[in-house]
Asker: 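I have a structure I would like to understand better, so I am pasting it below and will then ask my questions one at a time.
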Amino acid sequence: MKKILVTGAAGFIAFHLIKRLLDEGNFVIGIDNFYTGTNGNIEPFLKNDNFKFVEHNVIEPYFFDVDEIYNLACPASPPHYQKDPIFTFKTCILGALNALELAKKTGAKMLQTSTSEVYGNATVCPQDEKYFGNVNPNGIRACYDEGKRASETLICDYNRVYNLNAKIARIFNTYGENMDINDGRVVSNFIVQALKGQDITIYGDGNQSRSFCYVEDLVEGLILFMNSNFNGPLNLGNPCEFTVNDFAKYIIKLTSSSSKCIYLPLPQDDPYKRKPDISLAKEKIGFNPKYSIEDGLQRTIDYFKEKCSCKK
Ligand code: UDP
């Protein structure tokens, strides 16, 4: 039985990760400060003797004697990470630093959840790990983009200086059950708007693209990566690309909704094209997303139908 620490335990990806780790017979310690995470995401595990939850902010140091650390703690949706940008920046950097210090003290393997945002408004598509990115260091997304980039720097330097085993996963847009209704991201916004018959809010002209990965595929990738002897950086996502316009139409179709699209201003520095090149993940860890977008979205829609009590 491994002892595994998951930071950001009350978040949506952590919910699926912790479920898998417990099902596989591990002991899991979860920490979170509930900045964006919710009690509902840890509640199902609280009666499990192999799960322990500690309310803690990763900006402050902590100690747990563990074999593995998954560092997930950070607000990740644009409206959430922009609400208190200085806190976001600190969470990225001090959160990574404190996880690395723990890895150094305990000898634990560590996996840092970085992001496709390190590529910024990419000038190449798809984005592979060799691309250094195109990030505005002064814009409203920089607290997250540059925070995550700096955390990658810390990880590489800790690996070089202290010979650690710390990994960098660059997570692309991920969706699934247990996303927060008020998360503010395109998948949850469009599904909830469609289910409620509200206007679908498209930012800009809707020609920008994103590629969507179902959360269980992503979690499979995180675990394969942790168990591998490769440290990355490694893209994890699904190259299934949609323009925002086409994504809105697809959600309307899947939900049989009568909602109409409205067009709102595009937020500053919103990346124009995002699609992961996952050849390296296939080669190094055998990552191969298996859920089709239709299956993944159908599960997510069913979840939100329950949540919104707006079954049709
Ligand atoms: N978006 C949108 N309407 C919404 C929410 C998001 O058109 O209600 C757009 C957003 O401008 C971006 C894309 O959808 O181009 C993905 O946004 P999201 O916040 O999900 O994640 P991002 O990839 O930008 O971090």
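Below, each value reflects all heavy atoms present in this structure, side chains not excepted, and no hydrogens, waters or symmetry copies. Counting from 1, the numbers follow the sequence of the chain as shown. What you see is a predicted model, and the numbers here were worked out from it, not measured in a lab. First listed ligand is number 1; within each ligand, the first listed atom is number 1.
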Asker: Heavy-atom contacts with P78 under 4.0 Å: which atoms of ligand 1 show up? List them by number with element.
Answerer: 19 (O), 25 (O)

Asker: Honestly curious: do Y70 and L218 fall in one hydrophobic cluster under the side-chain, below-4.5 Å linking rule?
Answerer: yes

Asker: Has L264 got more than 12 heavy atoms of other residues, nucleotides or ligands less than 6.0 Å from its CG?
Answerer: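 More than 12 within 6.0 Å, yes.
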
Asker: Check whether any N or O atom of Q208, backbone or side chain, sits under 3.5 Å from an N or O atom of ligand 1, and answer yes or no.
Answerer: yes

Asker: Who's the nearest protein heavy-atom neighbour of atom 20 (O) of ligand 1, and how far?
Answerer: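 Nearest neighbour among protein heavy atoms for atom 20 (O) of ligand 1, to 0.1 Å: V186 N, 2.8 Å.
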
Asker: Hey, are Y158 and E101 close enough side-chain-wise for a donor-acceptor pair under 3.5 Å?
Answerer: yes

Asker: Quick check on contacts: which atoms of ligand 1 are under 4.0 angstrom from a heavy atom of I202?
Answerer: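 Selected atoms, number and element: 7 (O).
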
Asker: Which ligand 1 atoms, with their elements, are less than 4.0 angstrom from a heavy-atom of E117?
Answerer: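 So the answer, numbered in order with elements, is 25 (O).
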
Asker: Are K249 and F242 in a cation-pi setup, meaning NZ or CZ lies under 6.0 angstrom from the ring centre and within 45 degrees of the ring axis?
Answerer: no

Asker: Looking only at non-hydrogen atoms, find the nearest pair between E177 and Y303 and report the distance.
Answerer: CG-CB, 3.6 Å

Asker: Using every non-hydrogen atom in the two residues, find where I29 and K3 come nearest and quote the distance to one decimal.
Answerer: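 That would be CD1-CE, 4.4 Å.
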
Asker: Considering non-hydrogen atoms only, spot the tightest contact between R141 and D269 and give its length.
Answerer: CD-O, 3.3 Å

Asker: What do we get for H80 next to ligand 1 when only non-hydrogen atoms under 4.0 Å count, side chain, backbone, both or neither?
Answerer: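 No part of H80 comes within reach of ligand 1.
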
Asker: At less than 4.0 angstrom from any non-hydrogen atom of R141, what atoms of ligand 1 do you find?
Answerer: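 So the answer, numbered in order with elements, is 22 (P), 24 (O), 25 (O).
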
Asker: Show the atoms of ligand 1 that are less than 4.0 angstrom away from any heavy atom in T201.
Answerer: 2 (C), 3 (N), 4 (C), 7 (O), 8 (O)

Asker: Check each atom of ligand 1 against the heavy atoms of N189 and keep those under 4.0 Å away; list them by number with element.
Answerer: 4 (C), 5 (C), 8 (O)

Asker: Note the single closest protein heavy atom to atom 21 (O) of ligand 1, along with its residue, its atom name and the distance in Å.
Answerer: N173 ND2, 3.6 Å

Asker: What residue and heavy atom of the protein are closest to atom 10 (C) of ligand 1, and at what distance?
Answerer: D270 OD2, 3.3 Å

Asker: Surrounding CZ of F132 (heavy atoms of other residues, nucleotides or ligands, distance under 6.0 Å), is the total greater than 12?
Answerer: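 No, the 6.0 Å shell around CZ holds no more than 12 heavy atoms from other groups.
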
Asker: Among all protein heavy atoms, pick the one closest to atom 1 (N) of ligand 1 and tell me residue, atom and distance.
Answerer: Y203 CD1, 3.4 Å

Asker: Would F12 and Y175 satisfy ring pair (Phe, Tyr, Trp, His ring centres under 6.0 Å), going step by step from the backbone distance to the final call?
Answerer: CA-CA 9 Å; F12 125 82; Y175 68 94; 8.5 Å; no

Asker: Applying a heavy-atom cut-off of 4.0 Å, say which part of R210 lies close to ligand 1: side chain, backbone, both or neither.
Answerer: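 Side chain only; the backbone of R210 stays clear of ligand 1.
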
Asker: Taking only non-hydrogen atoms of F190, do any sit less than 4.0 angstrom from ligand 1?
Answerer: yes

